[in-house]
Amino acid sequence: MADIYDFNAVERKWQAYWDAHRCFEAEKDHTKPKFYALVEFPYPSGAGMHVGHIKAYTSLEVLSRKRRMQGYNVLFPMGFDSFGLPAENYAIKTNTHPHVITTANIEHFKDQMKRVGYSFDWSREIATSVPDYYKWTQWIFLKLFDHGLVFRAKTLVNYCPNCKVVLSNEDSQGGKCDVCHSDVVQLPKDVWYLKITAYADKLLNGLNDVDYPDSIKQQEIDWIGKSVGAFVNFRLKDIPEALEIYTTRCDTLFGVTFMVIAPEHPMLDKYRDRIQNWDEVEAYRAACAKKTEFERTQLSKEKTGVRLEGFTAINPVSGREIPVFIADYVMMGYGTGAIMAVPAHDQRDWEFAKKFGVEIIPVIEGGDIEKEAYTGDGRMINSDFLNAYDNKKDSIAAMLDYLGAHRLGRKGIQYKMKDWAFNRQRYWGEPIPLIHCEKCGTVGVPYEELPLRLPDVENFAPGTDGQSPLARIESFVNCTCPQCGGKAKRETDTMPQWAGSSWYYLRFIDPHNDKVFCDPEEMRYWMPVDWYNGGMEHVTRHLLYSRFWHHFLYDIGEVNTPEPYAKRTYQGLILGPDGDKMSKSKGNVVDPVSVIERLGADTLRLYVMFMGDYMAATPWNEDSANGCKRFLDRVWRLQDMVKGEGYTDDEMRTKVNACIKKVGEDYERMKFNTAIAAMMTLVNDFYAKGSLTKDEFRTLLQLLNPVAPHISEELNERLGFTPLHHAAWPQFDPSALVENTVEYGVQVNGKVRARIKLPVGMEQKAIVDAALALDDVKPFVEGKTIRKTIVVKNIINLVVG
RNA sequence: GCGAUUGUGGUGGAACGGCAUACACAACGGACUUAAAAUCCGUCGGGGAAACCUUGCGGGUUCAAAUCCCGCCAAUCGCACCA
């Protein structure tokens with residue numbers, strides 16, 4: 001009898017072995033087929049690993065181990081996204097340097113990852129907060145600056161009053177701060193932007209060339225939000241300037257009976273003298289400014305607004321004079337901040353018109369505009385030269401021609417995506433390598449001076465005046481202009497959270513290079529990332545940002561592929577045992593380390609892969625995890641049942657080979673749960689037989705190794721074989737899968753009545769006759785006419801009547 | 001409001017249009033134990049004598065539907081007055 005399965009001892013033993021033999025370092029050999037598997041590197045929080053990390057990493061861990069066994073040169077790296085607000089907030093609270101906190105957290109994370117037994121290539125570990133790394137983040141930033149993709153503008157920005165930082169649009173989704181979930185407010189501020197909108201079309205088109213799930217592509221497409229429409233100029237009565245609007249419905253131009261501009265629109269201040277009810281306007285603007293973005297965008301909210309007295313527009317096609325309003329349902333941040341209102345065919349405009357008593361003129365036939373706006377298609381009416389047309393498309397084209405010919409408007413494209421607000425008024429981030437010179441303007445720090453190091457400070461708290469702590473360090477701020485040599489000041493804001501992660505997959509390829517960010521030859525071999533797994537929450541943030549940077553680097557010839565990631569997948573959430581999202585406040589958080597201590601790392605890995613469909617959200621179930629431990633115990637005890645070599649018999653030969661095929665295919669499809677189920681079935685078969693051969697056992701261990709590497713290595717060693725980590729992945733023998741009988745289900749009128757086993761290759765008539773002769777079938781066909789018989793695969797269907 | 005995803009036993013979940021409920025968990029029964037744990041063996045959608053019913057609900061296509069189509073309902077996620 002074998003000893004009992006001491007998972008703790010076995011796991012420590014093999015982890016030490018892998019470390020000592022550097023088993024998982026990618027090879028220099030560029031002649032081998034490569035597999036670059038990437039999982040999102042974590043932010044090293046003080047809490048350590050979460051079971052969500054386990055699910056995110058174990059999938060590609062399994063694929064990486066399998067591919068290594070298949071002879072691929074595998075790059076499966078890990079590092080840390082170590083700049084960020086939580087470390088800084090903790091630093092302020094405890095008055096410890098964020099660097100100290102971050103270093104300790106990284107060690108903690110690394111230790112935990114090793115205890116899970118991950119086959120990461122630790123020789124390539126990186127951290128985004130290390131100068132050797134952020135030197136190149138700054139380098140890419142300067143390249144963006146040199147190519148005109150960095151600009152400064154004073155506009156309304158998303159601002160988190162709690163974190164005291166400006167947030168990008170992506171970081172304030174739903175009107176909440178991404179870090180602390182406070183309500184975001186809109187403030188006019190002067191900030192740096194990266195011109196991601198210049199890459200909107202490339203980001204859209206690039207989706208055609210990558211293997212992402214449709215749900216991810218769709219989310220990116222929606223976020224970018226491309227729309228094709230027209231800019232149209234409306235003349236204003238007694239005012240020399242025209243009011244420009246953006247519309248996707250210029251077919252309805254004859255139905256425009258009023259205009260609405262956003263409360264923040266600059267024309268208001270410009271022509272305040274002409275607005276006779278300025279007091280009323282100003283009061284309305286003040287009321288709007290108080291509302292949060294979230295409140296303002298509540299769709300259900302009743303329309304409000306103020307008519308501008310003395311400010312009248314002229315419909316460019318009908319020549320009619322129309323009133324102009326300000327209303328907060330029009331946003332300054334989209335289009336031109338002004339709209340033409342077509343109450344007959346836009347529900348928002350309809351509601352507004354009803355409330356303010358504005359005329360409603362239908363221009364498309366259909367619907368009942370007394371009840372609501374008609375947004376469907378139809379024949380054009382009340383529209384002069386468009387009256388001949390029937391649908392949107394033709395009338396839009398005709399209208400665009402007309403507008404162009406009369407210089408009233410032009411075709412235009414708009415995106416919902418906004419430029420990337422790229423600075424934080426905080427300490428723990430990459431210093432922005434720019435210098436402000438009174439004579440030369442904004443100048444980049446010379447490339448040879450990189451990295452621009454983050455100076456030490458005493459006090460990490462942001463300034464009350466909205467400035468970074470760096471602004472208080474004179475030795476940092478004051479410098480000379482690299483262009484004219486005169487006195488100058490450094491930019492004191494730092495880069496946002498997402499900067500370092502926007503290119504980290506490139507650094508993993510060549511992490512220690514101090515000449516270039518990545519050696520081109522290494523890059524040609526390893527890029528693109530073959531398979532990238534991560535969270536759905538990063539689709540409209542990190543994924544978009546890094547694709548943007550990569551497209552830019554491709555355009556300037558620094559990388560060899562337009563898209564960084566050939567294939568992207570995501571993991572479903574692990575919910576708490578109560579079925580709710582895990583959260584500290586609910587007290588339903590499962591700690592992976594405690595699972596390792598109770599059940600072992602192999603069980604943790606096995607359970608997380610077995611618990612359900614990989615991409616679906618599944619609640620944690622401790623009993624079920626226990627069942628996975630029980631399975632590994634059963635595998636352990638198989639060592640006492642080993643008898644002989646080769647195959648036990650033909651039946652087992654078929655079953656083992658079928659299992660090889662199924663497990664290999666299921667791993668690649670991320671159907672880990674069914675792969676594991678197939679191995680469980682095989683183990684049950686071994687138990688039913690009461691024995692298994694050495695070779696059958698070895699095959700099982702090879703299949704199991706990617707998921708449960710420790711126990712399989714140990715048992716494999718006990719069998720006397722060489723280690724599995726680079727051993728050949730088993731190949732199935734197709735001849736073993738060829739069956740000489742088929743078991744048919746016999747249906748009568750589509751209902752299963754019997755089963756029958758027949759030799760392969762029988763004539764259809766003989767098969768049907770055999771089915772008809774069955775006792776279970778006879779009662780259902782006797783005295784009836786057989787109208788049709790169908791024999792497909794393993795079904796015989798007899799249609800009688 | 002728009003978009004995406006999902007709805008299958010007590011539970012997690014299987015199922016290229018082809019034998020629904022694989023594999024587990026829980027529960028129950030048995031064996032082994034003085035006993036318990038562990039282990040092993042069995043039962044396990046409903047209803048029953050059988051027929052029959054059963055993949056959220058209602059239609060449809062098909063020899064055959066959990067799967068495809070149409071209409072509802074519910075849940076989750078994302079976007080949200082985007083002009």
Side-chain angles (χ1 to χ4, degrees), chain A residues 4 173-175 213-219 221-223 225-227 229 245-250 252 259-260 262 293-294 296-301 303 327-331 333-342 346-349 351-352 414-417 536-537 539-540 572-573 575 579 581 607 610-613 615-628 630-631 633-634 637 671 673-684 687-688 743-756 779 787-801:
Chain A
I4 65 150
Q173 296 184 22
D214 287 343
S215 55
I216 290 181
K217 287 189 181 181
Q218 198 53 51
Q219 241 188 70
I221 291 166
D222 289 348
W223 185 257
K226 181 177 183 170
S227 87
I245 59 94
Y246 175 73
T247 181
T248 53
R249 294 295 307 274
C250 63
T252 61
M259 299 184 79
V260 185
E293 178 79 359
F294 185 71
R296 239 183 100 167
T297 54
Q298 285 307 291
L299 197 80
S300 52
K301 186 174 65 84
K303 298 279 177 290
D328 66 358
Y329 80 95
V330 173
M331 305 291 149
Y334 184 79
T336 61
I339 63 156
M340 61 177 220
V342 187
D346 181 291
Q347 188 57 26
R348 295 158 300 176
D349 298 344
E351 284 166 20
F352 194 88
Q414 281 292 297
Y415 301 95
K416 289 187 201 173
M417 182 172 70
M536 208 58 195
E537 70 277 14
V539 169
T540 52
L573 285 180
L575 306 171
K581 215 170 172 172
Y607 173 57
F610 181 64
M611 65 195 302
D613 183 285
M615 310 238 184
T618 311
W620 183 270
N621 183 319
E622 192 68 22
D623 284 327
S624 201
N626 246 312
C628 287
R630 207 141 55 209
F631 168 66
D633 285 335
R634 274 163 76 80
R637 288 194 301 271
K671 296 287 178 192
N673 52 341
T674 52
I676 292 164
M679 290 187 278
M680 287 173 167
T681 306
L682 187 62
V683 169
N684 289 343
Y687 270 84
E743 187 173 3
Y744 289 97
V746 183
Q747 300 179 335
V748 180
N749 289 342
K751 289 197 177 185
V752 179
R753 300 300 181 184
R755 275 158 238 282
I756 184 172
R787 299 187 188 280
K788 198 172 176 183
T789 59
I790 293 122
V791 178
V792 195
K793 288 170 206 167
N794 48 3
I795 286 291
I796 303 166
N797 194 8
L798 308 169
V799 185
V800 303

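Naming convention: chains lettered A, B, ... in sequence-line order (proteins, then strands); numbering from 1 in each chain.
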What's touching nucleotides 58-63 of chain B from the protein side, N or O pairs under 3.5 Å?
unit_1 : atom_1 : unit_2   : atom_2 : d
B:C63  : O2'    : A:Asn797 : ND2    : 3.1
B:C63  : O2     : A:Asn797 : ND2    : 2.7

task: Take atom C1' in B:C70 and the same atom in B:G13, then report the distance between them in whole Å.
output: 29 Å
statement: From the list A:Val748, A:Thr789, A:Ile790, side-chain contact (heavy atoms from CB on, under 4.5 Å) partner of A:Val799 resolves to A:Ile790
query: How far does the C1' atom of B:G3 sit from the matching atom of B:A80, given to the nearest Å?
result: 10 Å
- prompt: Do A:Asn797 and A:Tyr744 get their side chains close enough for a donor-acceptor pair, meaning under 3.5 Å?
  reply: no
- prompt: Does A:Lys303 have a side-chain nitrogen or oxygen under 4.0 Å from the phosphate oxygens OP1 or OP2 of B:A83?
  reply: no
field: Value in whole Å for how far the C1' atom of B:C82 lies from CH2 of A:Trp223
entry: 12 Å
query: Between A:Arg637 and B:C40, does any side-chain N or O lie under 4.0 Å from OP1 or OP2?
result: yes
- request: With the side chain counted from C-beta on, respond yes when A:Ile795 and A:Gln747 share a heavy-atom pair under 4.5 Å apart, and no when they do not.
  value: yes
- prompt: Looking for any heavy atom pair under 4.0 Å, which part of the strands does A:Ala625 touch: base, sugar-phosphate only, or nothing?
  reply: nothing
message: As a quick check of understanding, evaluate salt bridge (Lys or Arg N to Asp or Glu O under 4.0 Å) for A:Asp613 and A:Lys671, giving each step before the final call.
response: CA-CA 7 Å; A:Asp613 183 285; A:Lys671 296 287 178 192; 3.2 Å; yes
query: Within the structure shown, what part of the strands sits under 4.0 Å from A:Asp214 by heavy-atom distance: base, sugar-phosphate, or nothing?
result: nothing
message: Over all strands shown, is A:Gln347 touching base, sugar-phosphate only, or nothing at heavy-atom distances under 4.0 angstrom?
response: nothing
- request: State, with a plain yes or no, whether a side-chain heavy atom of A:Trp223 is found less than 4.5 Å away from one of A:Lys416.
  value: no
Nearest-angstrom distance from the residue atom NZ of A:Lys217 to P of B:G3: 20 Å
query: Roughly, in whole Å, what's the span from CG in A:Leu573 to P in B:U6?
result: 16 Å
field: Residue closer to the 5' end of RNA chain B, A:Gly337 versus A:Lys671 (nearest nucleotide)
entry: A:Lys671
Side-chain N,O (A:Tyr246) to OP1/OP2 (B:A83) below 4.0 Å: no
query: Separation of A:Asp222 atom CG from B:G78 atom P, in whole Å?
result: 14 Å
field: Under 3.5 Å side-chain donor-acceptor pair for A:Tyr415 and A:Ser227
entry: no
message: Rounding to an integer number of angstrom, what distance separates B:G78 and B:C44 when you compare their P atoms?
response: 43 Å
query: Do A:Glu743 and A:Asn794 come within less than 4.5 Å of each other through their side chains, counting heavy atoms only?
result: no
task: Give the B/S/- string for nucleotides 22-29 of chain B, one per nucleotide from 5' to 3', where a protein heavy atom under 4.0 Å of the base yields B, of only the sugar-phosphate yields S, and otherwise -.
output: BBSSS---
field: Euclidean distance, atom CG of residue A:Asp633 to atom P of B:U39 [Å, nearest integer]
entry: 7 Å
Nucleotide nearest A:Thr618 (side chain, heavy atoms from C-beta), chosen from B:G13, B:C52, B:C81: B:G13
message: I'd like to check A:Ile216 versus A:Met536 (side-chain heavy atoms, cut-off strictly below 4.5 Å). Are they in contact?
response: yes
query: 5'-most contact on RNA chain B: A:Val752 or A:Gln219, nearest heavy atom basis?
result: A:Val752
- request: Taking ring pair (Phe, Tyr, Trp, His ring centres under 6.0 Å) as the test, write out the residues that go with A:Trp620, two or more places apart.
  value: A:Tyr607
message: For the P atoms, the ones on B:G17 and on B:A31, what distance do you get once it is rounded to whole angstrom?
response: 47 Å
- request: For A:Lys751 and B:A20, give me the distance from atom NZ to atom P, rounded to whole Å.
  value: 11 Å
- prompt: What's the CZ-P distance between A:Phe631 and B:C40, to the nearest Å?
  reply: 13 Å
message: Under a 3.5 Å cutoff, is there a donor and acceptor pairing between the side chains of A:Glu622 and A:Asn626?
response: no
- request: Using the criterion of both pairing distances under 3.5 Å for Watson-Crick and G-U wobble pairs, give all stems of 3 or more consecutive pairs involving RNA chain B.
  value: B:1-7 with B:73-79, B:10-12 with B:23-25, B:27-31 with B:39-43, B:56-60 with B:68-72
field: Separation between the C1' atoms of B:G9 and B:G59, rounded to whole Å
entry: 26 Å
- prompt: For B:G30, is chi within 90° of 0 (syn) or not (anti)?
  reply: anti
message: Please give me the minimum heavy-atom distance between A:Lys303 and A:Tyr329, naming the atom from each residue.
response: CD-CD2, 3.6 Å
field: Separation between the C1' atoms of B:U34 and B:A26, rounded to whole Å
entry: 29 Å
message: Can you say whether a donor on the side chain of A:Lys416 sits under 3.5 Å from an acceptor on the base of B:C79, or the other way round?
response: no
- request: Indicate yes or no for a side-chain donor-acceptor contact from A:Thr252 to the backbone of A:Arg249 under 3.5 Å, with no hydrogens or angles considered.
  value: yes
- request: Applying ring pair (Phe, Tyr, Trp, His ring centres under 6.0 Å), name anything that partners A:Phe610, two or more places apart in sequence or on another chain.
  value: none
field: Atom-pair distance (CG on A:Asp613; P on B:U6), nearest Å
entry: 9 Å
query: Taking the same atom, P, in B:A49 and in B:G58, what whole-Å distance lies between them?
result: 28 Å
Residues that A:Lys226 engages under salt bridge (charged side-chain N to carboxylate O under 4.0 Å, His left out), provided they are two or more places apart: A:Asp201
- prompt: When you compare B:C57 with B:C77, how far apart are their P atoms, in angstrom units rounded to a whole number?
  reply: 24 Å
